[in-house]
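Take a look at the structure below.
If you read the sequence from its start, that first residue is 1, and numbering goes on from there. We count ligands from 1, going down the list as the structure has it; atoms in each ligand are counted the same way.
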Amino acid sequence: MFSFTRLISLLIVFTGTALFTGVQANNPVTHYQYEIVSTRLHDPALFTQGLLIDNGYFYESSGLYGRSLLVRYPVKPSFAERNRQQAGWAKAQKIDDKYFAEGLTLLNDKLYLLTWQEQALLIFNRETFALEQTLPYAGQGWGLTHHGKTLIRTDGSDRIYFHQQKDFKVINSVQVTEQGKPVNQLNELEFINGKIWANIWHQPRIVIIDPVSGNVEGSLDLSEIATRHTPPGSERVLNGIAWDEQQQTLWVTGKMWPLLYQLKITPTE
Ligand code: DDQ
Ligand code: CA
């Protein structure tokens, strides 16, 4: 016999599930718009992987086997650089040929650099760029940023991994979904005001992710800028997001792009 209480509990379970999936599917995505505040020359030799700003300087990692690099250059170009109309580096460090450099972040006085398939995290002195430590990890390395002492990594999938700083052990991970659907190929990252901003490989778009739920809360369409620099089918894709804390603007570039763009971001009405 079907008891009344059993019927009621089934009803509660069903409505609960329906409500839950309903909420997931309706999670609204805020669309952001941008205004180009300025541009800066970017060395088109750089196969941009990681990008960040600290104390008036860009720090950038450049990929590919046999030519990976770590570079630093001022956000405001020098007079000489402007005059010669070509981008220059203030400091550069060649990465060992066996590595394909990927995501980059700066925490305290160390630069943390991921490698694509080599399962090695390289830790450099921020001033001298001397390699100080190498730590192992499992899986691929794509994007890297941090929040406090927690390092945040992508691996080209729909997951974001949280690592503790001292030994790079994974402490947590979250799946990224947009209106309930997984978002794959997450690449370069930037932690801005409590949210994770990520660009997606081969897409001219940045998503804004809640680090706790993995839910995509915002989206920034950069196709107008990307089409200027990405020929169809090429690897010269949008990659590189850096937050300018002083100016409250977002800098973006791409692999082998000749420019960096400084953007003022606002939600669309
Ligand atoms: N990843 O950075 C997305 C993880 C890997 C990119 C690999 C692209 C290699 C293509 C080589 C093209 C040479 C210009
Ligand atoms: Ca970044």
Side-chain angles (χ1 to χ4, degrees), residues 42-55 57-73 75 95 97 99-107 111-122 126 137 139-147 150-161 183-193 195-209 211 220 222 226 229-245 249-258 260-263 265:
H42 177 249
D43 193 324
L46 295 172
F47 198 75
T48 309
Q49 295 292 351
L51 185 72
L52 64 95
I53 291 176
D54 185 74
N55 202 19
Y57 282 87
F58 282 108
Y59 291 80
E60 181 171 343
S61 52
S62 177
L64 299 172
Y65 291 108
R67 46 176 281 203
S68 286
L69 283 173
L70 180 60
V71 300
R72 173 169 67 213
Y73 51 95
V75 174
I95 309 296
D97 285 352
Y99 296 120
F100 188 121
E102 287 280 345
L104 180 72
T105 197
L106 175 64
L107 176 49
L111 285 157
Y112 293 79
L113 178 70
L114 289 175
T115 54
W116 181 16
Q117 305 172 101
E118 292 67 58
Q119 311 205 342
L121 174 80
L122 310 181
R126 67 171 286 169
Y137 60 91
Q140 295 198 8
W142 285 43
L144 192 65
T145 188
H146 72 92
H147 174 224
T150 305
L151 293 154
I152 304 172
R153 171 180 68 103
T154 55
D155 67 350
S157 73
D158 57 354
R159 290 202 90 77
I160 290 183
Y161 301 84
V183 180
N184 268 287
Q185 314 267 307
L186 296 167
N187 202 1
E188 222 276 294
L189 300 173
E190 191 79 4
F191 194 90
I192 308 170
N193 299 327
K195 304 292 172 185
I196 299 169
W197 292 50
N199 63 237
I200 302 167
W201 194 37
H202 286 261
Q203 275 187 38
R205 176 166 97 100
I206 290 171
V207 289
I208 303 159
I209 305 159
L220 175 65
L222 293 171
H229 307 296
T230 312
S234 92
E235 283 298 329
R236 299 177 179 206
V237 288
L238 171 81
N239 206 39
I241 317 170
W243 181 243
D244 192 327
E245 186 65 47
T249 50
L250 189 75
W251 285 86
V252 297
T253 191
K255 294 172 178 173
M256 309 176 103
W257 284 18
L260 291 133
Y261 292 83
Q262 183 184 22
L263 310 177
I265 309 293

What protein heavy atom sits nearest [atom], and how far away is it?
atom	value
atom 8 (C) of ligand 1	Glu235 OE1, 3.9 Å
atom 14 (C) of ligand 1	Phe47 CE1, 4.2 Å
atom 7 (C) of ligand 1	Trp116 CH2, 3.7 Å
atom 13 (C) of ligand 1	Leu64 CD2, 4.1 Å

Between Gln49 and Ser61, do the side chains contain a donor N or O and an acceptor N or O under 3.5 Å apart? no
Does ligand 1 have a heavy atom under 4.0 Å from the side chain of Lys255, from its backbone, from both, or from neither?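 It is the side chain that gets close, since no backbone atom is under 4.0 Å.
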Below 3.0 Å, can you find an N, O or S atom of [X] next to the Ca ion (ligand 2)?
X	answer
Gly143	no
Leu189	yes
Gly50	no

Indicate the atoms forming the closest heavy-atom contact of Leu186 with Ala198, along with that distance.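 Smallest heavy-atom distance, with atoms named: CD2-CB, 4.2 Å.
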Testing the basics here: between Ile241 and Glu188, what is the closest heavy-atom pair and its distance to 0.1 Å?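 What the structure gives for the nearest pair is N-OE1, 2.6 Å.
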Against ligand 1, does Gln49 come closer than 4.0 Å with any heavy atom? yes
Gln185 near ligand 1, heavy-atom distance under 4.0 Å?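 The answer is no, since Gln185 has no heavy atom less than 4.0 Å from ligand 1.
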Report yes if the side chains of Leu64 and Phe100 come closer than 4.5 Å at any heavy-atom pair, otherwise no. yes
Quick one: are Leu106 and Tyr57 in side-chain contact, heavy atoms under 4.5 Å? no
Please say whether more than 12 non-hydrogen atoms of neighbouring residues, nucleotides or ligands are located less than 6.0 Å from CZ in Arg205.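 More than 12 within 6.0 Å, yes.
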For atom 6 (C) of ligand 1, tell me which residue out of Trp201, Tyr65, Trp142 has the closest non-hydrogen atom. Trp201
Hits for side-chain contact (heavy atoms from CB on, under 4.5 Å) against Ile265, two or more places apart or cross-chain, chain-then-number order -> Tyr32, Tyr34, Trp197, Leu220, Leu250, Leu263
Could you tell me which atoms of ligand 1, counted from 1 in the order shown, lie closer than 4.0 angstrom to a heavy atom of Glu102?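 Under 4.0 Å from Glu102, ligand 1 has these atoms: 1 (N), 2 (O), 4 (C), 5 (C).
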Minimum-distance N/O/S atom that Glu190 presents toward the Ca ion (ligand 2):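 Checking each N, O and S atom of Glu190, the shortest distance to the Ca ion (ligand 2) belongs to OE1.
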Polar side-chain atom of Arg72 near backbone of Arg126 as donor-acceptor pair, under 3.5 Å: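 Yes, the answer is positive, given that a donor and an acceptor are paired below the 3.5 Å cut-off.
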Any side-chain to backbone donor/acceptor pair from Thr249 onto Gln262? Under 3.5 Å, distance only.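 Such a contact is absent between Thr249 side chain and Gln262 backbone.
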What is the OE2(Glu188)-the Ca ion (ligand 2)-O(Leu51) angle, to the nearest 10 degrees?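 It rounds to 110°.
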